[in-house]
Amino acid sequence: MGRFSSREIPTERMATTSNALGIPLGGVRVRFAPSPTGYLHVGGARTALFNWLFARRQGGTLILRVEDTDLERNRPELVEGILDGLRWLGVDWDEGPYFQSQRLDLHRAAAEKLLASGAAYLCYCPPEKYAGGDAVEETEDAKKEAGPRRVTRCACRTGKPAPSNQKPAIRFRVPLDATTRFNDAVFGPHEVANEEIEDFVLLRSPKEDQGHGAPTYQLSVVVDDIDMRITHVIRGSDHISNTPKQVLLYRAMRAAPPVFAHVPLILGADRTRLSKRHGATSVGSYRDEGFLPEAFRNFLALLGWSPGDDTEFLRTSELVSRFSLEGVSRNNGVFDRAKLEWYNTQYLQKLPIDDLLPAVQGELERAKLWQPEWAAAKREWFSKTVDLLRPRTRLLPDFSTWARAFFSDSFDYDPRACEKFWKDERLGGMLDKLADGLALLPDWNHDGCDHVLRELAAAEGVKAGLLINAARVAIVGQAVAPPLFETMVVLGQERVVSRLRRAVKALAAR
RNA sequence: GGCGCUAUGGUGCAACGGUUAGCACGUGGCCCUUUCAAGGCCAAAAUGCGGGUUCGAUUCCCGCUAGCGCUACCA
């Protein structure tokens with residue numbers, strides 16, 4: 001894929017205007033700006049991750065800014081969930097969270113200033129005239145019949161007489177007969193004729209009882225990005241079409257635009273934009289399902305970014321050291337859950353055991369199976385047991401469900417396991433004898449257990465596999481488990497013998 | 001409809017004018033085996049279409065097609 005040289009954007013570029021926050025000048029400054037209208041979805045999470053990686057790589061600053069200027073849809077209670085999601089992902093921020101809703105005066109002042117300088121004008125049109133939602137039914141047919149839709153350029157622009165009872169909005173006066181350009185760090189040069197850009201609203205017309213209107217997104221982002229001295233705007237490519245408007249605003253405010261870097265969108269399996277009907281789309285749901293953050297982060301980083309070669313496992317430090325905007329793809333990518341699961345199984349197996357233990361502890365605590373001594377006196381045992389179990393796990397909850405018998409004496413026999421391995425009627429007697437033999441073992445170890453079982457199998461004239469599989473069901477209740485003798489060692493002699501006796505009774509009762 | 005962006009197997013990426021188009025997930029098969037995973041090996045599977053430019057196009061240019069985004073007094 002050809003990359004033109006125009007993509008080489010100076011990363012040291014920065015705004016130099018003063019700001020209201022008293023932040024020292026200099027260095028890369030990026031921001032993640034979620035709006036609390038929903039949970040943290042995977043697309044937003046990846047944008048946050050890319051911002052974080054870029055900031056860390058450049059030794060810069062990551063700012064968290066909550067864009068809650070949508071009075072109707074904003075849900076303050078969702079903010080904490082978004083922050084939790086970011087923390088889980090390992091994305092930490094250096095400043096904020098700032099809330100745009102607390103900066104409205106700054107935004108309004110900017111609009112007034114633009115108005116005073118002539119870069120904006122008062123628009124007395126009733127909101128419904130241009131609002132798409134309620135006024136016009138936007139069916140497919142209606143769209144086609146509508147023909148070429150004109151860019152908003154109302155009479156107010158040239159100062160038509162104002163109706164007395166209508167409170168005005170402030171619109172930006174797009175300079176005509178010009179072209180607006182910017183150089184996207186991912187998508188390359190981009191330009192659009194100003195005729196195509198509407199005179200967008202900066203300040204909404206005031207509601208009934210209010211003295212002044214609310215700023216719109218376009219105004220707020222630019223004002224805040226200038227004020228916070230953002231040097232690189234890394235965000236979803238759905239914002240590409242908005243960017244020329246913002247570039248125009250930067251000019252009107254006499255501020256240097258930041259570097260824009262748009263990252264491709266994440267799509268569902270049907271190649272449409274990820275939404276609720278695609279099932280799990282919030283990072284919280286993946287955390288709750290028992291994915292490891294390390295795996296999720298690795299997977300997410302490689303969706304729409306590549307280090308340039310075929311590397312597929314990157315630790316956080318490698319992600320940071322290898323991340324660059326040049327490696328970001330321009331193609332929208334499909335969220336592939338199967339691959340995420342693969343990453344998770346890989347991390348469950350490869351993570352240093354000490355890094356995995358806390359996650360397993362958390363899972364056992366959730367399941368009310370946790371014993372504090374496993375983190376203290378019996379830590380060694382816990383570590384060994386988890387290590388034995390992990391090659392067969394896919395998600396964290398496997399430790400408390402499938403592997404329950406390793407952490408509790410209260411477990412059920414899986415009916416399918418019984419069906420498969422407890423068929424032979426002689427098993428009751430044989431397991432009883434196995435318990436006898438194991439109970440007499442002076443040294444409880446792998447080879448001792450192995451020897452007892454194989455001797456018994458030979459004496460009974462059956463294949464060792466018959467006893468092995470039956471005994472596995474007896475002591476852990478599952479058809480699938482780690483190798484039997486290692487399992488026995490970890491569970492201990494007393495427990496194994498008593499579980500065999502219990503199985504003998506269960507078998508007899510059938 | 002208008003404007004914009006994108007186009008390598010089913011999926012995610014690599015190949016930056018010259019490769020038998022590479023890797024990984026997934027899929028199928030084989031090996032290993034004490035169940036099931038893991039692991040190893042093998043296989044099927046891609047440059048959307050049409051024109052240029054060039055000694056040579058996956059790669060550069062144009063058109064078409066398709067997909068996506070924007071087209072709000074949402075963000």
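Naming: A, B, ... by sequence-line order, numbering from 1 per chain.
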Exercise. Is any N or O donor-acceptor pair between the side chain of A/D68 and the base of B/A75 shorter than 3.5 Å?
Worked result: no
Show the distances under 3.5 angstrom between N or O atoms of the protein and N or O atoms of nucleotides 11-13 of chain B.
unit_1, atom_1, unit_2, atom_2, d
B/G12, OP1, A/R271, NH2, 3.0
B/G12, OP1, A/V334, N, 2.9
B/G12, O2', A/L302, O, 3.1
B/C13, OP1, A/G304, N, 2.8
B/C13, O2', A/S306, OG, 3.3

Seminar exercise, completed: Answer for the Watson-Crick or wobble partner of B/U53, both distances under 3.5 Å, is none
Problem set entry | Verdict with reasoning, A/N194 to A/D177, per side-chain contact (heavy atoms from CB on, under 4.5 Å) | CA-CA 7 Å; A/N194 287 7; A/D177 300 318; over 6 Å; no
For this session: With a 3.5 angstrom cut-off on both distances, give the Watson-Crick or G-U wobble partner of B/G4, or none if there isn't one.
Result: B/C68
Exercise. Hey, does the Lys NZ or Arg CZ of A/K350 hover above the aromatic six-ring of A/F313, less than 6.0 Å from the centre and inside 45° of the axis?
Worked result: yes
Exercise. Aromatic rings A/H262 and A/F260: how do their planes relate, parallel, tilted or perpendicular, breaks at 30° and 60°?
Worked result: parallel
Exercise. Are any of the side-chain nitrogens in A/D412 or A/R404 under 4.0 Å away from the carboxylate oxygens of its partner?
Worked result: no
Problem set entry | Ring geometry between A/F296 and A/F335 (parallel below 30°, tilted from 30 to 60°, perpendicular above 60°) | tilted
Exercise. Which nucleotide in the set B/C70, B/U6, B/C73 lies at the smallest distance from any side-chain heavy atom of A/R330?
Worked result: B/U6
For this session: Measure across A/A503 and A/L431 and return the closest heavy-atom pair with its distance rounded to 0.1 Å.
Result: CB-CD1, 4.5 Å
Is there any protein nitrogen or oxygen under 3.5 Å from a nitrogen or oxygen in nucleotides 40-43 of chain B, and what are the pairs?
none

Exercise. When all nucleic acid strands are considered with a 4.0 Å heavy-atom cut-off, which category describes A/F299: base, sugar-phosphate, or nothing?
Worked result: nothing
